[in-house]
Amino acid sequence: AAFRVVVPPVGACRGMSPTGGGGLRGHASAPLLAAAAGASPGGLSLGSSKRRAGAEMFEESYWTTRSRPTTGLTKGIAGSCNSLDGMVPPSTPGEVETGELLESDAGDGATGTVASSAVTLILTSVGSGVFALPFAFSLAGAGCGAALATVLGLLSLLAAYGLSRCSEAVGLYSYEEIAVAAWGARGAFIMELLIVVLLLGAMAALVTLIGDALPAVAELLFPWFAFSELQDARSKVMLFVLVFVLAPLSCAKSMASLRHSNTVGVICVFVVCTFVTINGATEMTNGGGLLANRPAFTDASGAMQAVPILMLSYCMHVQVPPVYGELANKSVHRFSRALVLQYIVCTVIYISVGVFGLRLFQPGEPVPGDVLLGFGPGRRAVLAMRAMVGLSCVFVFPLLSLPCRSTVDHLLFGGGAAAAPQAQLRHVAESLLLVAVAGLVAMEASNLGKVTAITGATGGALLCYVLPCVLFLRLCGRGGGASTLELWSFRTALLATAVLTVLALHSVVMGLLAA
């Protein structure tokens, strides 16, 4: 699932046009998220700047890109900067707000290729939610799970295609700017709200993975303790990590020191995918065949519980417009090739992990939300892998909490900037509140599959399936250049995704009530 911060190359986002009113003044237009780790064609860039007309463009956070006179800086920032530490806060709050706003020009100097675009979207999609895929396949049945993954991947592909068509139609290369072009300030508000939901779900999933990894870390460091005792102390240790590790990291002003966390997270995810697939493929099932004596289909209720987990697995749509903007010689036709590659690779990975991960468990044996928990404490290689995943989640957590804080700050106070000194205490309070909410959700759900399902049925479904179809029909519909086939395709997809979202949300709510 897309619990990953992915930063496009310098040029993928610029200051936002003041379309939609003063409420959007100075607010950046490229929410750069997606699952617990990630990469971009140009590598991780935590800050960007561009000199224009005697002003410096600087990025205070993933959400706040503004311009101000060069006299406000202690040292010039020409070209690009990878840290916010060299910037002096403005003397007054208004100094930032009165800077000239620049319209999106992500397409200038684009150097991306079809291959690099596909790689970026794949890395955005394949995240920590992949650990919950065997759990999802156990709910629906292996055959039904594979079919759902295929169909939902096609719906995701169509939604991403629609966003690229919208980008081409309005000449903008960020999801939020497209929403603003369609609905004005209201579009930005809707986007921010869904981004907060998605990021909070991602943060809760990371906390769950950290909690799952804690007994493994303790077993490696203190082998003389009984593993069952370590499991019993999980909640207390999680609380300690939340208060003394994640909360301080989330209050940081700069993410420059964590720039390599994305790479570590990506490595962890793909190592786990490979490990689960190989072990599942070589597992002896006593004649059980590929499905290891498990049913190909369980029931409709189980299938609907699996839908939000699988929906979230393809969520990379926030990155689609900026990646399209970075494509050299851009055309929707060329970009569609990257989308097809992303769909094929992700679908193969998800079906492999789901089917072969399910073979690791006996028929009738409950499948945990985190597939690594199924290996037990007896294999030190698995303990080391779980510990590595947990550690990477600790360092990736602030890459989600900081942009989430910035978004919440902009929603509540019209801010989001790290530049105003008087806002520092407010930012700390917001960070602590977000960490507390993420920790509470993780402790209450206590299952990665449940956390992923909640996120997928809310922010993930709306942001990555429903809204792209609505945006396409609004911006490219009648008179917008869409063909009859495209119109009918997106109308059908909108109906299908809306129904699936309602049913998935109903299944999640009923599951929570039953628990």
Side-chain angles (χ1 to χ4, degrees), residues 1-3 35 127-149 151-152 155 194 196-209 211-212 234-235 238 294-315 350 353-354 357-358 361 363-374 437-466 496-515:
F3 299 160
S128 57
V130 76
F131 302 161
L133 288 177
F135 172 72
F137 275 53
S138 72
L139 294 173
C144 182
L148 285 173
V151 172
L152 291 172
L155 289 173
L194 292 177
V196 169
V197 173
L198 200 58
L199 283 171
L200 274 174
M203 292 160 62
L206 292 182
V207 174
T208 303
L209 284 172
D212 292 344
R234 178 180 184 270
S235 298
M238 277 183 66
R294 286 183 176 270
F297 174 75
T298 54
D299 52 53
S301 175
M304 288 314 307
Q305 292 179 57
V307 164
I309 299 175
L310 293 168
M311 290 180 83
L312 194 62
S313 299
Y314 289 98
C315 285
Y350 296 157
V353 173
L358 204 55
F361 304 91
E365 181 183 359
V367 179
D370 178 0
V371 66
L372 288 178
L373 296 180
V437 171
L440 183 63
V441 171
M443 288 184 178
E444 285 297 318
S446 69
N447 183 308
L448 180 63
K450 291 182 180 179
V451 175
T452 306
I454 293 170
T455 310
T458 52
L462 293 173
L463 195 65
C464 301
Y465 291 86
V466 177
T497 54
V499 171
L500 284 173
T501 299
V502 172
L503 293 176
L505 187 59
H506 176 266
S507 70
V508 168
V509 172
M510 295 305 295
L512 293 175
L513 292 176

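Note that this is a predicted model, so its numbers are computed, not measured. Worth knowing before you read on, the calculation uses all heavy atoms, side chains too, and leaves out hydrogens, waters and symmetry mates.
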Looking at side-chain heavy atoms only, is the closest gap between [X] and [Y] below 4.5 Å?
| X | Y | result |
| --- | --- | --- |
| L440 | E444 | yes |
| I454 | L512 | yes |
| S507 | V307 | no |

Spatial distance of atom CE (M311) from atom OG1 (T455) [nearest 0.5 Å]:
12.5 Å

Rounded distance (nearest 0.5 Å) linking atom CG of L133 with atom CG of L310
6.0 Å

Heavy-atom closest pair, residues C464 and C315:
SG-SG, 3.3 Å

Show the numbers, then the answer: is there a side-chain contact (heavy atoms from CB on, under 4.5 Å) between L155 and Y314?
CA-CA 9 Å; L155 289 173; Y314 289 98; over 6 Å; no

Y465 side chain to G460 backbone, donor-acceptor under 3.5 Å
no

Pair L209, L448 - check side-chain contact (heavy atoms from CB on, under 4.5 Å), show working.
CA-CA 7 Å; L209 284 172; L448 180 63; 3.8 Å; yes

For L152, run the side chain to side chain contact (heavy atoms under 4.5 Å, CB included) check against T497, L500, I309 and tell me which one passes.
L500

Sole candidate of L505, L503, V508 that passes side chain to side chain contact (heavy atoms under 4.5 Å, CB included) when paired with M304:
L503

Review item, side-chain donor-acceptor pairs of residues 365-373, under 3.5 Å, at least two apart:
unit_1, atom_1, unit_2, atom_2, d
E365, OE1, Q362, N, 2.8
D370, OD1, L372, N, 3.2

Can F361 and R294 be said to form a side-chain contact (heavy atoms from CB on, under 4.5 Å), step by step?
CA-CA 10 Å; F361 304 91; R294 286 183 176 270; 3.5 Å; yes

Would you tabulate the side-chain donor-acceptor contacts of residues 196-206 under 3.5 Å, counting partners in other chains and residues two or more places apart, or write 'none'?
none

Listed by chain and number, what are the side-chain contact (heavy atoms from CB on, under 4.5 Å) partners of A140, not counting sequence neighbours?
C144, L148, A303, A306

Could you walk me through whether S313 and V130 pass the side-chain contact (heavy atoms from CB on, under 4.5 Å) check?
CA-CA 7 Å; S313 299; V130 76; over 6 Å; no

